[in-house]
Q: 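There's a structure below that I have some questions on.
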Amino acid sequence: MTHPPRIPASPRRRSLLKLGMALPAVLALPRPASAADFPNRPVTLIVPFPAGGATDTQMRALAIAASRELGQTVVIANRPGAGGTLGPASMAHTAAPDGYTASVVVGTLFRYPFLQQVNYDPLQDFTYIACMTAYSYGIVVRQDAPWKTLDELIAHARAHPEKISYGGTGAGGSGRIAIERLSRLTNTKFNFIPYKGAAEETTALLGGHIQMVSDAGWGPMIDTGKARLLAVMGEARAKRVPDVPTLVELGYPIIASNPVGIAGPKGMDPKVVSVLQKAFHRAARDPDYNRALENADQPHMLMDSTAYTEYAIKQVAEEKRFVAELGLKMQ
């Protein structure tokens, strides 16, 4: 059978044919999510401390509860380092402001710019989503340590300068700053050893590598009966160990406070921020999350995005003044 001669397609026809073949592929491409359908995929929550510590345990419980609220999985990503600032700083520079990546932030984020050179601005590079809780700091020694009270520890430290090594999270952490202030008030000198988080500090203390820990997350150490709490650094005594005095009660006007919140990169859609803030605050009612807080004797400290942003502004100013007054420097 004879076929009719093939007529070459015109340039316009060839363009239309190509467009017709490409159209299904274009339609299949994922579309950018709008605030109206957020979230439509998992959300990553960065925990800037190692797995196994108090913050990690709390945030994993919170993530499970928040997943139910959001209808999408909240995935924990541990990125420890730089006293809890490495994770959020990295997020600020690499994550899209679409709400699918957020980070836990703590007080060192506001303090480190005045202690050393950093690659972030706490007031320009973040969207503050929600504040959740606050660390409860304490001074902890091993159960078999020779000091039964803080006064005994101070007397030993005064007689043996820099012979007592203690651990804290990061060189600019609140636990270290509290001990530096205590040292000035008592004319003592301690040897500071920085760690990435409470899990490492616990191992070092129980292993005999350090003699003291000044940090939050001390609850599990006390529960095992292998460690002793000598003093707490809050405004009131800890509920779980009401017989242990505060530093203020012992005559040292030192209070260590460090709120724990959640932030995203700058430029987030306010509607997305609102969705996340409400989900995390509703998740704060979860029993497992509350048990994790109780284990560390931590209170709820809930702030919405507006209040948390205002807190951050005030805290940056306070940290600048505080560091200058003490003449603190990173080692």
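Here the structure is a predicted model, which means the values were calculated and not measured. What you see below is based on every heavy atom in this structure, not just the backbone, and it leaves out hydrogens, waters and symmetry mates.
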Q: May I have all residue pairs that pass ring pair (Phe, Tyr, Trp, His ring centres under 6.0 Å) and include part of residues 253-307, sequence neighbours excluded?
A: none

Q: Please give me the minimum heavy-atom distance between Ile262 and Ala102, naming the atom from each residue.
A: CG2-CB, 3.9 Å

Q: Is there a chain of hydrophobic side chains (I, L, V, M, F, W, Y, each step under 4.5 Å between heavy atoms) that links Leu205 to Ile139?
A: no

Q: Does Tyr100 form a ring-ring contact (aromatic ring centres under 6.0 Å, His included) with Phe38? I'd like the steps, not just the answer.
A: CA-CA 9 Å; Tyr100 288 100; Phe38 176 85; 4.9 Å; yes

Q: Would a single hydrophobic cluster contain both Ile193 and Tyr166, if residues Ile, Leu, Val, Met, Phe, Trp and Tyr are joined by side-chain heavy-atom contacts under 4.5 Å?
A: no

Q: Is the Phe110 ring parallel, tilted or perpendicular to the Tyr311 ring (thresholds 30°, 60°)?
A: perpendicular

Q: Do Asp223 and Asn295 get their side chains close enough for a donor-acceptor pair, meaning under 3.5 Å?
A: no

Q: Considering residues at least two apart in sequence or located in another chain, which fulfil the side-chain hydrogen bond (donor to acceptor under 3.5 Å, both in side chains) criterion with Thr188?
A: Thr186

Q: Flag the pair Asp98 and Arg41 as a salt bridge only when some basic side-chain nitrogen lies within less than 4.0 angstrom of an acidic carboxylate oxygen.
A: yes

Q: With sequence neighbours left out, what residues match Glu200 under side-chain hydrogen bond (donor to acceptor under 3.5 Å, both in side chains)?
A: none

Q: Verify the cluster assignment for Val140 and Phe192: are they in a single hydrophobic cluster under the rule of side-chain heavy atoms below 4.5 Å apart?
A: no

Q: Does Arg158 have any side-chain hydrogen bond (donor to acceptor under 3.5 Å, both in side chains) partners at least two apart in sequence or in another chain, and if so, which?
A: none

Q: Only pairs at least two apart or in different chains count here, so list each ring pair (Phe, Tyr, Trp, His ring centres under 6.0 Å) that has a residue in residues 137-160.
A: Trp147-His156, His156-His160

Q: Scan residues 193-220 for pairs that pass ring pair (Phe, Tyr, Trp, His ring centres under 6.0 Å), counting only residues two or more places apart or in two chains.
A: none

